[in-house]
Student: 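What follows is a single structure, and I will ask about it in a moment.
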Amino acid sequence: MAWIVLVISGMLEAVWATALGKSEGFSRVVPTVIFGVGLVASMGGLAFALRTLPVGTGYAVWVGIGAVLTVTYAMIFDGEPVSALKLLFLAGIVGCVIGLKALH
């Protein structure tokens, strides 16, 4: 159960990080609200997962999932440049997350 919650929390990290960028310094209400709700839910899920998972592994997986999804969203919807090296490095993060899960 902790791993499922951790993965969902990592996905929510991407939600709040993207909303933070779109909030324009908290001047736009809807992205600001999405940021706040996503942040609380993401941190709450991380806290729940870390009750049973090692903090280093849990945090690394949470950040990795959030980072990959945030960059992927930005490349697809916000015009962030895509390159073969960027995709390779993102795949490396995914591989590391899978490796951490496999070792646990």
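Keep in mind that this is a model prediction, so the values were computed, not measured. Keep in mind that the numbers below use all heavy atoms, side chains included, and drop hydrogens, waters and symmetry copies.
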Student: Going by the side chain to side chain donor-acceptor pair (under 3.5 Å) test, which pairs reach into residues 25-40, not counting sequence neighbours?
Tutor: none
Student: Cluster question for you: counting only ILVMFWY and a side-chain heavy-atom cut-off of under 4.5 Å, with indirect links fine, are M43 and V15 together?
Tutor: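 M43 and V15: separate clusters.
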Student: Are V7 and V55 connected, step by step, through hydrophobic side chains (Ile, Leu, Val, Met, Phe, Trp, Tyr) whose heavy atoms are closer than 4.5 Å?
Tutor: yes
Student: Out of curiosity, does L46 fall in the hydrophobic cluster containing V61 (side-chain heavy atoms, cut-off under 4.5 Å, transitive links)?
Tutor: yes
Student: With rounding to the nearest 0.5 angstrom, report the CG to CH2 distance, L100 to W3.
Tutor: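 Rounded to the nearest 0.5 Å, the CG-CH2 separation comes out at 6.5 Å.
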Student: Could you pull out the closest heavy-atom pair between G58 and L6, with the gap in Å?
Tutor: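 Closest approach of G58 to L6, heavy atoms only: O-CD1, 3.6 Å.
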Student: Does S23 use its side chain to pair, donor to acceptor, with the backbone of L20 at less than 3.5 Å?
Tutor: yes
Student: Going hydrophobic residue to hydrophobic residue with side-chain gaps under 4.5 angstrom, can you get from L12 over to V71?
Tutor: no
Student: Counting neighbours of OH on Y59 that are heavy atoms of other residues, nucleotides or ligands and sit closer than 6.0 Å, is the number greater than 12?
Tutor: no
Student: Quick check for you: to the nearest 0.5 Å, what is the distance between D78 atom CG and Y73 atom OH?
Tutor: 5.5 Å
Student: Testing the basics here: between G45 and V5, what is the closest heavy-atom pair and its distance to 0.1 Å?
Tutor: O-CG1, 3.4 Å
Student: Let me confirm one number: the CE-CG distance from M11 to L69, rounded to the nearest 0.5 Å.
Tutor: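 If I round to the nearest 0.5 Å, the distance is 6.5 Å.
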Student: Looking only at heavy atoms, which two atoms of A14 and G66 are closest? And how far apart?
Tutor: CB-O, 3.7 Å
Student: For a quick test of reading the model, state the closest non-hydrogen atom pair linking W62 to S42 and the distance between them.
Tutor: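 Heavy-atom minimum between the residues: NE1-OG, 3.0 Å.
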Student: With a 4.5 Å heavy-atom cut-off, do E24 and P31 have their side chains touching?
Tutor: no
Student: Tabulate below the donor-acceptor pairs under 3.5 Å that side-chain atoms of residues 79-95 make, not counting sequence neighbours, or state none.
Tutor:
residue: E80; atom: OE2; partner: K86; partner atom: NZ; Å: 3.0
residue: S83; atom: OG; partner: K86; partner atom: N; Å: 3.0
residue: K86; atom: NZ; partner: P81; partner atom: O; Å: 2.8

Student: At what distance, to the nearest 0.5 angstrom, does CE of M1 lie from CZ of F48?
Tutor: 5.5 Å
Student: Of the non-hydrogen atoms in A17 and T70, which two are nearest, and what is the gap between them?
Tutor: CB-OG1, 3.9 Å
Student: About how many Å separate CD1 of I65 and CD1 of I8, when rounded to the nearest 0.5 Å?
Tutor: 10.0 Å
